[in-house]
Amino acid sequence: MHREMKIGVLGGGQLGAMLIRSAIDFGVEIYILDKDPHAPASHYCTGFVLGDPMSYNDVIDFGTDMDAITIEKEAVDTKALKELQKRGVSIYPSPDTIEIIQNKFIQKKFLQNNNIPVVPAIATWGVADIIANKHRLPACLKLCTQGYDGRGVMIIRDERDALTAFEEPSLLEDLVDIKHELSVIVCRNEKGDIECYDPVMMIVNKERHVLDFQLCPAQINRAISLQAREIAINVAESFNLVGIVAVELFVTANDEVLVNEIAPRPHNSGHHTIEACATSQFEQLLRIIMGLPLGDARHIAASVMINILEPCSDTKSDIKGALRHILCFNGVYVHWYGKHKGKKGRKMGHITITENNIENALSKAANIRHILTNIYERSESRNNNG
Ligand code: ADP
C-alpha cells in the first residue's frame with residue numbers, strides 16, 4: 001500500500017519494535033537510529049543505523065533520506081529535527097513540542113500557560129535552593145531533564161532529606177496526596193480529528209516510584225474519567241499536536257485531577273491497546289503519519305498489563321521458564337523484548353491479560369504476578385547468598 005514510504009524512528013527500544021509490528025500490516029518501511037547495536041527494534045526493522053539520537057550530525061545523516069521521522073523517546077536532538085523539517089521531512093510530533101516536553105520545568109510552564117491543571121512547583125538548583133524554600137517541604141524533587149522510570153525523582157520530607165538533593169536544575173513540586181494515577185492517550189491528526197483511549201489506572205510501587213501494574217478501564221467514577229479525558233484532549237490541542245500523546249494524571253485525595261507529565265509518543269501505558277483495543281496506539285501513530293483516518297480507540301476487552309522487570313542479571317532463564325506456566329492461561333499475551341543485557345529493574349518484557357470484565361482480569365493477573373514475584377524473590381535470595 002505505502003511500500004515507498006520510509007519512516008525513521010529515533011530510538012530502537014521496545015516501543016520502536018512494537019511500532020514495526022503495525023508497520024508490517026501497512027507495508028511501510030521502518031528505519032531505526034540507536035546507539036545500541038542490539039536495541040530491541042534493531043532485529044526487525046528494514047534498516048538499522050548505529051548512531052546517537054542526541055547527536056546533531058547522526059540525526060541529520062539518518063533523517064535526510066526519510067519521508068517522515070517519529071520518536072520513541074524524548075532524548076533526541078531537536079535542532080537537527082528542525083533542520084530536517086526545513087528540508088521537507090515530516091516530523092511527528094513537531095520538534096517544538098519535543099523541545100517543550102524535554103525539560104520538566106518548561107513543560108509545566110507551557111501547560112500552566114494553557115490553563116491545564118498541574119501540580120504547583122518552583123525551579124531549584126541544589127541543596128541551598130531547597131533549604132531557602134524549606135517552607136514548601138515536604139515536596140517531590142525531580143530532575144528537569146534526563147529522568148525516567150522513577151530515576152531522577154525523590155521525596156524531600158525535611159531539611160535533612162534536602163541535603164541529599166540533586167545538584168542539578170530540578171523542579172520542587174508540592175507533594176500530592178495521590179488517590180489514583182491515571183494515563184490517557186490521545187491521538188490527533190493533521191486535520192485536528194481526535195481519538196481518545198479510556199483512562200488507564202497505574203499502580204505504582206511507592207518505594208521505587210516505578211509501575212507495578214496497570215489496568216484499563218480504570219476503576220474510577222464516570223465524572224473523573226470524563227474530566228481526565230477532557231484534560232488530555234486539551235493538552236493535545238494546546239500543542240496543536242499531530243501525533244499521539246500520553247498524559248499522566250494524578251487524582252488527588254480531594255478528587256482534583258492534575259497533570260503529572262506528558263509524553264508525545266507511544267507509551268508504556270498504552271501497551272494494552274495492542275490486544276485490548278480496536279486499534280493499537282502504534283497503528284494510530286502510523287495512520288497519522290500516513291495521512292490515513294484515525295482508528296477506533298474503544299476497548300474491546302478489560303485488561304491488566306504487567307511489566308516484566310529484571311531483578312538481577314542471571315534470571316532470564318527463570319523468567320523464560322515461568323512464561324511457559326503463564327501461557328497456560330487464556331487471554332494472556334507475552335511480549336518479550338529480547339534485550340541483550342539485563343540489569344536490575346530494567347523492563348525485559350510485558351504481559352497483557354484480557355478478560356470480559358476488570359474483576360476477572362485482576363484475579364487472573366494476581367495469579368500471574370504471584371508467579372513472577374516468586375522468581376524475583378528466588379533470584380534476590382540467590383544473589384544475596386552467592
Ligand atoms: P518519571 O518520569 O520517572 O516516571 P514521574 O514524574 O512520573 O517520573 O514520577 C514517578 C512517580 O513518583 C509517580 O508515578 C508518582 O508515584 C510519584 N510522584 C511524582 N510526582 C509526585 C508528587 N508531586 N507528589 C507525590 N508523588 C509524586
Side-chain angles (χ1 to χ4, degrees), residues 11 13-15 71-76 98 100-112 116-124 130 133 136-158 161-162 164-166 168-185 199-215 218 220 228 231-232 235 245-271 305-307 309 344-347 350:
Q14 59 269 18
L15 295 163
I71 58 169
E72 64 108 56
K73 59 180 194 169
E74 290 93 23
V76 299
I98 302 172
I100 291 168
I101 57 91
Q102 275 177 337
N103 182 304
K104 288 194 182 191
F105 187 68
I106 295 171
Q107 179 186 138
K108 195 177 284 284
K109 282 280 154 229
F110 177 89
L111 295 172
Q112 279 173 327
I116 309 283
V118 294
V119 184
I122 55 163
T124 57
I130 296 171
N133 286 286
R136 299 187 75 101
L137 303 181
C140 183
L141 186 71
K142 299 179 178 180
L143 287 178
C144 284
T145 57
Q146 281 157 15
Y148 63 93
D149 288 348
R151 199 197 74 83
V153 175
M154 62 200 287
I155 305 293
I156 309 275
R157 301 213 165 267
D158 48 31
D161 284 353
T164 62
F166 310 118
E168 283 176 66
S170 306
L171 204 60
L172 191 67
E173 269 187 10
D174 290 359
L175 196 65
V176 178
D177 189 358
I178 300 173
K179 182 149 99 183
H180 302 302
E181 298 200 29
L182 306 177
S183 170
V184 178
I185 296 180
V200 166
M201 182 178 276
M202 300 181 292
I203 311 296
V204 174
N205 178 306
K206 292 285 171 229
E207 273 115 62
R208 293 187 294 131
H209 303 298
V210 294
L211 183 80
D212 195 355
F213 65 96
Q214 62 199 24
L215 51 132
I220 47 175
I231 292 172
V235 168
V245 62
V247 179
E248 293 185 36
L249 304 134
F250 295 139
V251 181
T252 70
N254 304 326
D255 279 346
E256 257 186 300
V257 184
L258 304 173
V259 172
N260 173 26
E261 60 172 356
I262 71 162
R265 56 166 172 79
H267 193 254
N268 196 87
S269 64
H271 284 342
M305 195 288 296
I306 307 170
N307 282 324
L309 303 178
K344 190 172 165 153
R346 198 167 187 211
K347 292 176 195 146
H350 76 262

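Just follow the structure's listing: the first ligand is 1, and inside any ligand the first atom is 1.
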Of Lys142, Lys108, Lys104, the one forming a side-chain hydrogen bond (donor to acceptor under 3.5 Å, both in side chains) with Asn260 is Lys142

Practice problem: Could you tell me whether ligand 1 has any atom less than 4.0 Å away from a heavy atom of Asp174? | Solution: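 The answer is yes, since Asp174 has a heavy atom less than 4.0 Å from ligand 1.
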
Using modelled atom types only, decide if a donor and an acceptor are shared between the side chain of [X] and the backbone of [Y] within a distance under 3.5 Å.
X      : Y      : value
Gln214 : Asn268 : yes
Glu181 : Leu249 : no
Glu261 : Glu248 : no
Asp158 : Asp161 : yes

Closest to atom 24 (N) of ligand 1 by heavy-atom distance, out of Val153, Asn268, Val176, Leu141, is Val176

Checklist line | Minimum non-hydrogen distance to atom 14 (O) of ligand 1, winning option of Glu181, Met202, Glu248 | finding: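 Looking at heavy atoms only, Glu181 sits closest to atom 14 (O) of ligand 1.
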
Enumerate the atoms of ligand 1 whose separation from the nearest heavy atom of [X] is less than 4.0 angstrom.
X      : result
Glu261 : 1 (P), 2 (O), 4 (O), 5 (P), 6 (O), 7 (O), 8 (O)
Asn260 : 5 (P), 6 (O), 7 (O)
Leu175 : 24 (N), 25 (C)
Lys104 : 2 (O), 6 (O), 8 (O)
Lys142 : 6 (O), 19 (C), 20 (N)
Val204 : 14 (O), 16 (O)

**Item:** Heavy-atom side-chain proximity of Val200 to Leu182 below 4.5 angstrom
**Value:**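 No, side chains not in contact.
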
Residue set satisfying ring pair (Phe, Tyr, Trp, His ring centres under 6.0 Å) with His350, at least two apart, ordered chain then number -> His271, His335, Tyr337

